[in-house]
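Step one of this worksheet: look at the structure below.
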Amino acid sequence: MAKDFRNIEYHTNQDGDGLRYYACSTLDTKQKELIFHKNKGAIVQIRWEVKLVKDIKNLSETFNFTPEFGEFVEYQNLFDYINQVCRKEKNMNMKIVDLQVSWQKDFVFKINPVTLELGYLWITDIEQKTKNYKRDKKEWKEF
């Protein structure tokens, strides 16, 4: 096992094919592509309510979950990210969160192999299947 400059583990083949194998993805340094393993990356839509002084405001956000890359460097699990980051930063009432996740079979981003900065979404799963989740007793359950 080796570690990149972000201290994230990966392994390579001995034949020098330019591939780095991370826990959730494969980085092709020659093609400058980051390929997420099946059902590891996702397109996420999250809706929540925020209680204001005398009102409740409905908010929503859509983002690409890219484990170990982009803003998700410290996360391999989407639900850990939501529980630890979203709840605090977005002042979410976790009992009311509506979560739709389109886990991707094909989820490929262009990437700078030196800086590991993600580029644009290159390929996505056209036949994506969206799953809905609700938080019940501190656990995320599919419904």
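By convention here, the first residue in the shown sequence is residue 1.
In this structure Phe72 satisfies the ring pair (Phe, Tyr, Trp, His ring centres under 6.0 Å) test together with Phe63, Phe65, Tyr81, sequence neighbours excluded. Ser60 pairs by the side-chain contact (heavy atoms from CB on, under 4.5 Å) definition with Arg47, not counting sequence neighbours. Residues that satisfy the ring pair (Phe, Tyr, Trp, His ring centres under 6.0 Å) test with Tyr21, not counting sequence neighbours, are His11.
Looking at Ser25 and His37, their side chains never bring a donor and an acceptor atom within 3.5 Å of each other. Side-chain atoms of Asn58 and Trp48 form no donor-acceptor pair, as typed in the model, at a separation below 3.5 Å. Neither side chain, Glu61 nor Gln45, offers a donor N or O lying under 3.5 Å from an acceptor on the other.
Contact check for Leu99 versus Val44: side-chain heavy atoms found under the 4.5 Å cut-off. In this structure, the side chains of Tyr133 and Lys131 come closer than 4.5 Å at one or more pairs of heavy atoms. Ile46 places a side-chain heavy atom less than 4.5 Å from the side chain of Ile82. The shortest distance between side-chain heavy atoms of Thr130 and Trp103 does not fall below 4.5 Å. Side-chain contact check for Leu78 versus Trp140: every heavy-atom pair is 4.5 Å or farther apart.
Side-chain N or O atoms of Thr12 include none that pairs as donor or acceptor with a backbone N or O of Arg20 at under 3.5 Å.
Other residues, nucleotides and ligands place more than 12 heavy atoms under 6.0 Å from the CD atom of Glu142. Within 6.0 Å of CD on Glu74 lie no more than 12 heavy atoms contributed by other residues, nucleotides or ligands.
For residues 5-16, the set of pairs meeting the salt bridge (Lys or Arg N to Asp or Glu O under 4.0 Å) definition, not counting sequence neighbours, comprises Asp4-Arg6. Judged as a salt bridge (Lys or Arg N to Asp or Glu O under 4.0 Å), the pairs with a partner in residues 27-36 (not counting sequence neighbours) are, in order, Glu33-Lys110.
Taking NZ of Lys105 as the reference point, atom CG of Asn39 lies at 10.0 Å (rounded to 0.5 Å). Taking CD from Gln104 and NZ from Lys129, the interatomic distance works out to 11.0 Å, rounded to the nearest 0.5 Å. Here the CG atom belonging to Asn77 is positioned 8.5 Å from the SG atom belonging to Cys24, to the nearest 0.5 angstrom.
Connectivity analysis of hydrophobic side chains (ILVMFWY, heavy atoms under 4.5 Å, direct or indirect) links Phe69 to Phe5, Ile8, Tyr10, Tyr22, Leu27, Leu34, Phe36, Ile43, Val73, Phe107, Phe109, Ile111, Leu116, Leu118, Leu121.
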